[in-house]
Amino acid sequence: MPNMDGAEFIRRFRELPGAEDIPVIVITVYEERTYRLRALESGATDFLHSPVDHHEFITRARNLLKLRQHQLLLAARATTLEEELAKSERSRESEVRDSSQRLAQVIDSLPVMITATAPDGRILFANEAQASFLGLKTGELVGRDVADVFRTAFSSQNMTLDEHVFRVGQPMRPFEEELTDRSGETRTFLTAKFPIRDQSATIHAVVTSSLDITTQKQTQAHLRHLAHHDALTELPNRVSMNERMRRQVARARRGDNIFALHMLDLDGFKSVNDVLGHSAGDRFICMIADRLRAAMRADDMLARLGGDEFAIIQTSVTRSEDAADFAQRILTQVSESGTFEGTPVRATASIGIAVYPSDGEDGEELLKNADIAMYRAKAERGNRFCFYAADMKTRAHNEAMLDGHLQQALERKEFVLWYQPQVDLRAGCIVGAEALLRWQRPSVGLVPPAVFLPRAEENGLIGAIDNWAMMEACGAALRWQRYAKAEGIGVAVNLSPTQFRDRSTPLLVARALGVSGLDPRLLELELTESSVLESIESAAADLTMLRNMGVRVAVDDFGIGYSSLNYVKRLPITRIKIDQSFVRDIEHDQSDIAIVRAIITLGQGLGLEVLAEGVETAEQAKHLLQEGCALVQGYYFARPMPEADFINLLASERTYALSA
């Protein structure tokens, strides 16, 4: 070619579009090495020397074309791989972007405030909960400084804690903090902070999460309030009082101070429940609680222990008179007259007082001793206060022992009835007997009722004892009817005021008569004046039921209590019994003579039988007969005796005529 050799041709050919990879075979007669190098440098693929062997040429060309084909395939595959890699990278970036968006959505849906803060205090991220709490949008928070966003002492505290995490590189333990939202409400959050590191382990952000636990805290506070307060009155309960007692004792020990514990129990609250119902009883307790609150000082503590029992811790006591004055003020406050739901009421209470440290050196001992003193006040008919005294513990121990022995006595059938004859002086014969309770106590002997009956009334065993006595007396009266001259001789049974107040007497009597088969006319119930006068309306109703059964009713110890023509006229009684205190000196004391004569006249005027008790001499018997009282009982005629002896006495047909 003119002006162009083979090497130049190859170079220019390679510059053509698409020719850079086409195989080029150089056929030459030159054998110089320099020529071959120039051709190769210009882009030749192979060399053949002229003359060329046709078969060799075809083989080399075919090989070069196959090589070219493979090169093209490899290039295409590489292009495909490159495109696939690029597509995969774009997909991965899209997935990462979508994942980040989904993560952001999840974080925004959490009921937790989350922020990420840079070392310079800039907000790198904030979720929807954090933005909503601040009244902003998430985009308005990113990039801003924490101090500019919060503008409170909280921002300074938050930045200090973030700096601590950046410095130590460790998460912070969750802690509680209070934050004020945009409405001004203070809410409680549980906050945690932890560092975020990059691939080089460098901390580039601190993430703060804050969970709103206001509702949980309110629930905890409510449960704690329920655990420490009485649900009815909202007063502190026994748990709260015990905790306060421990603190008060510790404070008193450090300061050498004294304080007083007052245990208060309402008198007769059961009757409020019985008459007005339990719902009204609850409202009555609330009324009493309000009265007690009004008497408290700022440092005192009033608690309801349950039922109708309250406790008061009186602080700043310098002498026992302070506790006495305070207790009297409480009694006055409780007994304030007024009406309750339209019903006139006058509440009273019994208060026991124990003073620290003389009456106890810890709360438990003070509570026990104040309780002992309170029951002593109640035993003295209530509406009073009583200081604990050392001998009270001994008495309380003895009473507890007696309670156990009385329960055993019922179970072991240790109670017995003795019978004292009642005599008709005109007829000179026995007309009845009074059943008198005794306790045949092992290793002790016969115990009179005055020793144990008052305690039985206090501890509630009196009901079971009365029930047994009624059954036993009716059975005995039926048994002695078979003996000569015993027909028609009845039995008189004393009924405790407690039993009568419970309004269960008619049922008790009906059951005893039904079980024994005794003629109701042979049973007489003896009641005291005080028991029937406590509620004359209910007493009249119960006594009327008894009289309709055929049972006789006597008023015992007539004349020493609240004798009144009004109640004697209104109640369906059949007999009055003159107390032995008027009989004892009837021979010499003109006052006793006048009283006995008046009682006999009253009984005769109302058509009632009159029986005199405690007749111990023939002169007393004669005097009574002269005054018109023929029915008597007393030691002069016979002392109380077991049933077997009384039956023998009936069988002897003994007469009781008075000598002139």
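Not measured: the values here are computed from a predicted model.
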Is there a side-chain contact (heavy atoms from CB on, under 4.5 Å) between Gln440 and Val447 once you walk through the steps? CA-CA 6 Å; Gln440 190 66 54; Val447 181; over 6 Å; no
Would Glu613 and Val583 count as a side-chain contact (heavy atoms from CB on, under 4.5 Å) here? Give the steps.
CA-CA 7 Å; Glu613 297 179 293; Val583 175; over 6 Å; no
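Scored by the side chain to side chain donor-acceptor pair (under 3.5 Å) test, Gln333 finds no partners at all (sequence neighbours excluded). Applying the ring-ring contact (aromatic ring centres under 6.0 Å, His included) test to Phe452 and every residue at least two apart in sequence or in another chain returns Phe415, Trp439.
Counting only heavy atoms from C-beta outward, the side chains of Leu367 and Met241 approach each other to under 4.5 Å. At a threshold of 4.5 Å between non-hydrogen side-chain atoms, the residues Arg283 and Met287 do not count as touching. Put simply, the side chain of Ile489 does not reach to within 4.5 Å of the side chain of Leu522, judged on heavy atoms. A heavy-atom distance below 4.5 Å is found between the side chains of Val491 and Trp480. Looking at heavy atoms from C-beta onward, Arg511 lies in side-chain contact with Met471 at the 4.5 angstrom threshold. For the pair Ile285/Phe310, a side-chain contact is recorded, criterion being any heavy-atom separation below 4.5 Å from C-beta on. A heavy-atom distance below 4.5 Å is not found between the side chains of Arg575 and Val553. Counting heavy atoms from C-beta outward, Arg584 and Asp589 have side chains that stay 4.5 Å or more apart.
With rounding to the nearest 0.5 Å, the separation of CG in Asp403 from CD in Gln408 is 11.5 Å. In this structure, Ile595 CD1 and Ile600 CD1 are separated by 12.0 Å, a value rounded to the nearest 0.5 Å. Between the CD1 atom of Ile576 and the CD1 atom of Ile578 there is a distance of 7.0 Å, given to the nearest 0.5 Å.
Between the side chains of Asp542 and Thr505, no donor-acceptor pair of N or O atoms lies under 3.5 Å. Side chains of Ser350 and Asp265: no donor on one and acceptor on the other come within 3.5 Å. Under the 3.5 Å distance criterion, with hydrogens and angles disregarded, a donor-acceptor pair is assigned to the side chains of Gln633 and Gln420. A donor-acceptor contact closer than 3.5 angstrom is absent between the side chains of Thr348 and Asn383. A donor-acceptor contact closer than 3.5 angstrom is absent between the side chains of Asn369 and Asp359. For the 3.5 Å distance criterion, the side chains of Glu434 and Gln422 fail to qualify, holding no donor opposite an acceptor.
The residues Arg441 and Glu414 are annotated as not salt-bridged, no charged nitrogen and carboxylate oxygen being separated by less than 4.0 angstrom. By the 4.0 Å N-to-carboxylate-O rule, Arg552 lies close enough to Glu609 to be salt-bridged with it. Using a 4.0 Å cut-off between a side-chain N of Lys or Arg and a carboxylate O of Asp or Glu, Asp371 and Lys368 do not qualify as a salt bridge. Checked for salt-bridge contact, Asp519 and Arg521 meet the test: a charged N lies under 4.0 Å from a carboxylate O.
Not one N or O on the side chain of Asp300 forms a donor-acceptor pair closer than 3.5 Å with the backbone of Met296. With hydrogens and angles disregarded, no donor-acceptor distance shorter than 3.5 Å links the side chain of Glu587 to the backbone of His623. Between the side chain of Arg438 and the main chain of Val416, no donor-acceptor pair closer than 3.5 Å is present. Distance alone, capped at 3.5 Å, places no donor-acceptor pair between the Glu309 side chain and the Leu266 backbone.
Sorted by first and then second residue, the pairs that involve residues 626-649 and meet salt bridge (charged side-chain N to carboxylate O under 4.0 Å, His left out), not counting sequence neighbours, are Arg479-Glu643, Arg597-Glu627.
Centroid-to-centroid, the aromatic rings of Trp418 and Phe646 stay 6.0 Å apart or farther.
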